[in-house]
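What follows is a set of notes on a single structure, which appears directly below.
Every chain is numbered from 1, with letters handed out A, B, ... down the list of sequences.
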4 protein chains.
Amino acid sequence: MSAHQQTVDEKTPSSRVQRKRGRRIQEILTVAAELFGERGYDAVSLDDVAERLDVTKGSLYYYFPSKDELCTAAIETLGNDWTARLEQLPADGTVTERLRALIHEHVTIAVNDYPAALRLFLVPREWPEPQRARIKELRLRHDNLFRGLVEEGVASGEFKVTSVDTVLQCLHASMTQAPLWCGELGVRARKRAVDELADTLMSLVGR
Amino acid sequence: MSAHQQTVDEKTPSSRVQRKRGRRIQEILTVAAELFGERGYDAVSLDDVAERLDVTKGSLYYYFPSKDELCTAAIETLGNDWTARLEQLPADGTVTERLRALIHEHVTIAVNDYPAALRLFLVPREWPEPQRARIKELRLRHDNLFRGLVEEGVASGEFKVTSVDTVLQCLHASMTQAPLWCGELGVRARKRAVDELADTLMSLVGR
Amino acid sequence: MSAHQQTVDEKTPSSRVQRKRGRRIQEILTVAAELFGERGYDAVSLDDVAERLDVTKGSLYYYFPSKDELCTAAIETLGNDWTARLEQLPADGTVTERLRALIHEHVTIAVNDYPAALRLFLVPREWPEPQRARIKELRLRHDNLFRGLVEEGVASGEFKVTSVDTVLQCLHASMTQAPLWCGELGVRARKRAVDELADTLMSLVGR
Amino acid sequence: MSAHQQTVDEKTPSSRVQRKRGRRIQEILTVAAELFGERGYDAVSLDDVAERLDVTKGSLYYYFPSKDELCTAAIETLGNDWTARLEQLPADGTVTERLRALIHEHVTIAVNDYPAALRLFLVPREWPEPQRARIKELRLRHDNLFRGLVEEGVASGEFKVTSVDTVLQCLHASMTQAPLWCGELGVRARKRAVDELADTLMSLVGR
DNA sequence: AATGAATGAGGCTTCATTCAT
DNA sequence: CATGAATGAAGCCTCATTCAT
């Protein structure tokens with residue numbers, strides 16, 4: 001039986017083989033993240049993933065024990081990538097500026113790269129426990145980026161909110177659903193829509 | 001050929017039989033709306049629907065010509081019910097009061113009755129044309145409730161928005177996703193969450 | 001249980017009711033013969049038959065115990081009708097003239113009225129015994145029309161054949177398949193095709 | 001995605017694997033041709049085909065994307081085989097001799113090897129376009145064998161016909177239906193029947 | 001006599017999963 | 001490592017048949 005080890009991080013990249021394996025896994029996850037992000041869990045078959053990778057379906061099972069596992073790992077990859085891009089935003093400027101930039105970037109990524117990311121978090125309803133935990137943790141890490149800024153703004157008096165939690169939920173919901181209505185727009189109109197969305201969402205913190 | 005007639009509205013409930021048929025269809029639609037609302041299109045099989053109704057899959061085809069059609073009709077039922085309840089809200093008070101009430105009621109319905117309605121709007125990327133039209137129209141009718149109020153408020157100077165469209169999208173997204181995070185709360189906490197959500201969302205129109 | 005009696009002929013048309021029943025049965029058989037003759041056994045559902053009669057599927061079972069039985073009876077009706085029309089041809093003229101007229105009429109009926117009759121004799125391969133017998137007998141009766149003329153012509157020296165049986169088989173095969181290639185033609189071309197077919201087939205008897 | 005490639009011809013039997021695949025496909029097609037030839041399209045289920053091959057239904061989909069495609073490919077295999085055998089007949093002798101030999105061989109094949117090929121040409125009223133084209137082409141190639149000879153005979157004055165097309169249709173119809181009435185005969189009687197059939201059909205060209 | 005409703009078997013198709021090589 | 005092949009469960013849909021009314 002093929003050993004299904006660390007799917008995302010590699011603790012002991014001792015040998016050359018290990019490193020190669022890691023690289024291969026990343027390739028797979030990148031492609032899988034793309035596909036799942038585009039179409040959602042149900043609409044992507046392992047054949048789709050395999051074909052885009054130009055390998056056979058069977059090979060995927062050498063690296064991942066099941067579709068669920070592959071998908072979860074892909075979500076992690078996707079989430080890490082996403083979060084990483086958000087973390088690279090410049091840390092200077094007022095809280096208002098920084099939050100707006102964060103929102104803007106988040107929506108841009110959602111609309112351009114992962115239009116169906118929303119689906120991944122809704123279907124199928126119940127992940128098996130270990131995977132649910134991993135997804136939850138991911139979401140938390142991501143949330144904290146926003147939470148940090150909002151709290152900072154509230155503390156400094158720059159923002160005014162009824163409830164930080166509620167604001168975060170609304171932010172998240174609106175940003176994640178954006179691809180659903182921005183997706184059909186042309187390039188120009190889409191850019192403006194994202195701008196307006198960012199402006200509108202800033203009003204949630206009183207800006 | 002089994003008559004797949006008016007699935008939602010009944011133009012000619014002439015005979016007793018017709019009425020009975022109508023009632024049966026409503027039963028089915030209610031159950032279907034529940035299931036699809038809970039799990040989304042792909043994750044619900046016709047067997048699931050049939051089983052919950054305690055009939056066989058085949059019977060469903062006596063009333064609906066396909067899964068797509070059943071699901072669309074279920075969505076229509078759900079949407080009509082939902083919209084009807086919103087339309088019954090009192091029409092007096094300031095725009096602010098009325099919008100807040102509308103939001104509050106919408107979220108209450110979402111959280112209590114259709115906790116996963118969101119899924120219904122995400123699922124099969126592309127409905128066949130006739131069904132897409134029906135869903136779009138439904139959504140439009142529902143949207144107009146909110147749009148009317150927002151525009152009224154903007155016209156009267158009571159509201160301030162960057163873009164009416166964008167505000168509506170954010171409202172919708174936030175309200176629809178609410179069950180995802182309110183659902184787990186206890187009765188009391190949930191009530192407060194809904195209140196806070198309504199307050200928070202009012203800030204989208206500058207209130 | 002409803003009594004499934006004489007499907008085609010009525011032995012005891014004692015009461016008014018009996019006669020009405022007989023008429024209804026004929027209606028059904030006429031329609032069924034049309035449909036089966038057009039599309040073949042498999043491609044016709046009882047719903048199709050019922051719909052064209054403007055009754056429900058269930059009603060058919062009041063008159064016929066199964067699709068097989070209905071289809072066989074329909075074939076009989078079709079065959080009787082067909083044979084009757086051939087028997088009405090004028091009995092004067094030379095054998096050659098009469099055979100040619102017979103062929104011509106047969107093909108005309110095949111092409112215009114029962115384009116898929118061929119299918120009925122091939123699919124599904126094995127009728128249950130009683131029905132097979134009935135169909136065989138029908139075919140026999142029909143065959144004898146041609147056999148009689150051919151033998152007469154041979155006896156009178158007007159025709160020359162290697163084997164009467166073989167000639168009959170070829171005649172039948174060619175006439176029955178005609179709709180397959182004549183069917184697509186326009187009215188005018190079709191008429192000429194039928195004429196040429198009759199001429200060509202006459203050469204099978206040396207004419 | 002399982003590769004549904006060249007189903008009949010194999011352009012690049014590069015590796016051993018490819019050849020094995022080709023062999024498997026041929027196995028399937030042979031079996032399918034038998035079954036479809038025996039019972040016709042509708043009366044054969046994929047389960048039937050799979051069972052006769054001692055595999056599961058699903059496996060067939062590894063090689064063919066649909067029942068239609070499988071059936072068309074089977075017809076092609078059958079047709080190619082058939083035509084190839086006819087093309088191997090010696091090309092010397094008078095046109096009369098050659099046409100008679102062709103007819104004789106065709107009927108022999110029909111009776112012995114493809115007793116119910118006829119059904120394949122009757123069944124689903126309408127093939128999807130691409131498949132219809134393939135079948136038409138096959139039929140054309142086969143037809144040309146006969147047409148060539150008939151035209152040659154007509155040109156040389158050896159044959160006399162009303163219409164080449166019509167003669168070809170009659171030839172075809174008679175030869176294809178032959179198994180239906182020759183099939184039941186014993187070996188000896190059958191041989192004579194085939195001889196008589198060939199003689200009789202020659203009279204269609206005035207011989 | 002006739003209907004509306006329901007059933008259940010069977011058909012086609014997809015797809016996650018397994019496995020020998 | 002990777003592949004090609006095969007499997008089996010599950011899904012959608014059709015339709016002959018039954019039955020209470």
Side-chain angles (χ1 to χ4, degrees), chain A residues 1-2 17 20-21 24 42 44-50 53-71, chain B residues 1-3 15-18 20-21 24 42-50 53-70, chain C residues 1-2 17 20-21 24 42 44-50 53-71, chain D residues 1-3 15-18 20-21 24 42-50 53-70:
Chain A
M1 212 220 271
S2 52
V17 173
K20 184 157 178 204
R21 178 181 173 86
R24 196 90 186 87
D42 284 302
V44 172
S45 78
L46 290 191
D47 269 323
D48 293 335
V49 179
L53 282 161
D54 208 37
V55 296
T56 53
K57 200 172 23 171
S59 303
L60 296 180
Y61 279 87
Y62 186 77
Y63 297 99
F64 298 94
S66 74
K67 185 183 179 184
D68 270 16
E69 202 64 51
L70 168 59
C71 185
Chain B
M1 219 231 268
S2 48
S15 73
R16 214 178 321 123
V17 174
Q18 282 288 342
K20 187 160 176 195
R21 180 183 175 86
R24 193 88 182 90
D42 284 308
V44 172
S45 77
L46 290 191
D47 266 325
D48 292 337
V49 180
L53 282 161
D54 208 38
V55 295
T56 53
K57 205 176 8 177
S59 301
L60 297 180
Y61 281 89
Y62 186 71
Y63 297 97
F64 298 93
S66 71
K67 185 184 179 182
D68 270 16
E69 204 65 49
L70 168 59
Chain C
M1 217 236 254
S2 53
V17 173
K20 184 159 177 204
R21 178 182 172 84
R24 196 89 186 86
D42 285 302
V44 172
S45 79
L46 290 191
D47 270 324
D48 293 336
V49 180
L53 281 162
D54 208 36
V55 297
T56 53
K57 203 171 23 171
S59 303
L60 295 181
Y61 280 87
Y62 185 76
Y63 297 100
F64 299 93
S66 73
K67 184 185 180 185
D68 269 17
E69 202 65 49
L70 168 59
C71 184
Chain D
M1 220 232 267
S2 49
S15 73
R16 215 176 322 122
V17 173
Q18 280 287 344
K20 187 161 177 193
R21 180 183 175 85
R24 193 89 182 88
D42 284 307
V44 172
S45 78
L46 289 191
D47 264 326
D48 292 337
V49 180
L53 283 163
D54 208 38
V55 296
T56 53
K57 209 176 7 178
S59 301
L60 296 180
Y61 280 87
Y62 185 71
Y63 297 97
F64 298 93
S66 72
K67 185 185 178 183
D68 270 16
E69 205 64 50
L70 169 58

Next item on the list: Nearest whole angstrom, please: distance from the P of F:dT17 to the CG of C:D47.
Entry: 12 Å
Check: Please give, in whole Å, the distance from E:dC15 C1' to A:L60 CG?
Finding: 13 Å
Next item on the list: Using Watson-Crick or G-U wobble geometry with both distances below 3.5 Å, tell me the partner of E:dA6, or none.
Entry: F:dT17
Check: Is there a side-chain polar atom (N or O) of B:R21 under 4.0 Å from OP1 or OP2 of E:dA5?
Finding: yes
Note to self: Using 0.5 Å steps for rounding, measure from the OG atom of B:S66 to the CG atom of B:L70.
What the structure shows: 8.0 Å
Item checked: Selected nucleotide, minimal atom distance to D:S66 side chain, candidates E:dT13, E:dT3, F:dA16 -> E:dT13
Check: Is any N or O donor-acceptor pair between the side chain of C:K57 and the base of F:dT17 shorter than 3.5 Å?
Finding: yes
Note to self: Can you measure B:D42 atom CG to F:dA10 atom P for me and round it to whole angstrom units?
What the structure shows: 17 Å
Checklist line | Phosphate contact (F:dT7 OP1 or OP2) by D:S59 side-chain N/O below 4.0 Å | finding: yes
Note to self: Run C:D68 and C:C71 through side chain to side chain contact (heavy atoms under 4.5 Å, CB included) and show every step you take.
What the structure shows: CA-CA 5 Å; C:D68 269 17; C:C71 184; 5.8 Å; no
Next item on the list: Between E:dA16, F:dT17, E:dT13, spot the one nearest the side chain of D:Y61, thanks.
Entry: E:dT13
Item checked: pair D:E69-D:Y61: side-chain heavy atoms closer than 4.5 Å -> no
Check: Which part of the nucleic acid, if any, lies within contact of A:V49, taking any heavy atom under 4.0 Å across all strands shown: a base, the sugar-phosphate backbone alone, or nothing?
Finding: nothing
Check: Can you tell which of E:dT17, E:dG8, F:dC12 lies closest to the side chain of A:K67?
Finding: E:dT17
Note to self: Distance check needed: F:dC13 C1' versus B:E69 CD, whole Å only.
What the structure shows: 14 Å
Checklist line | Nearest-nucleotide 5' precedence on DNA chain E, C:K20 against D:D48 | finding: C:K20
Margin query: Only pairs with both distances under 3.5 Å count, Watson-Crick or wobble alike; so what is the partner of E:dA1 in this structure?
Written below: none
Note to self: For a quick check of understanding: with a heavy-atom distance under 4.0 Å over all strands, which category does C:S45 fall into, base, sugar-phosphate or nothing?
What the structure shows: sugar-phosphate
Next item on the list: Between D:V17 and B:V44, name the one whose nearest nucleotide on DNA chain F is closer to the 5' end.
Entry: D:V17
Notebook entry, point to check: What is the distance, rounded to the nearest whole Å, between atom CG of D:L46 and atom C1' of E:dA9?
Noted result: 17 Å
Checklist line | Considering all heavy atoms, the nearest B:K67-B:V44 contact | finding: NZ-O, 2.8 Å
Notebook entry, point to check: Looking only at heavy atoms, what is the nearest atom pair of D:L60 and D:L46, with distance?
Noted result: CD1-O, 3.6 Å
Check: Between F:dT17 atom C1' and C:D68 atom CG, what is the distance in whole Å?
Finding: 12 Å
Item checked: Pairwise 5' ranking along DNA chain E for A:G58 and C:T56, keeping only the more 5' one -> C:T56
Notebook entry, point to check: Closer than 4.0 Å, any side-chain N/O of D:Y62 to the OP1 or OP2 of F:dA5?
Noted result: yes
Item checked: Distance test, side-chain N/O of C:Y63 to OP1/OP2 of E:dA2, below 4.0 Å -> yes
Notebook entry, point to check: In whole Å, what is the span from the CD atom of D:Q18 to the P atom of F:dG4?
Noted result: 9 Å
Item checked: C:T56 vs C:S59 side-chain heavy atoms within contact, under 4.5 Å -> yes
Notebook entry, point to check: Given atom CZ of B:F64 and atom P of F:dG11, what is their separation to the nearest angstrom?
Noted result: 20 Å
Next item on the list: Compare side-chain N and O positions of A:R24 against OP1 and OP2 of F:dA2 and report whether any pair is under 4.0 Å apart.
Entry: yes
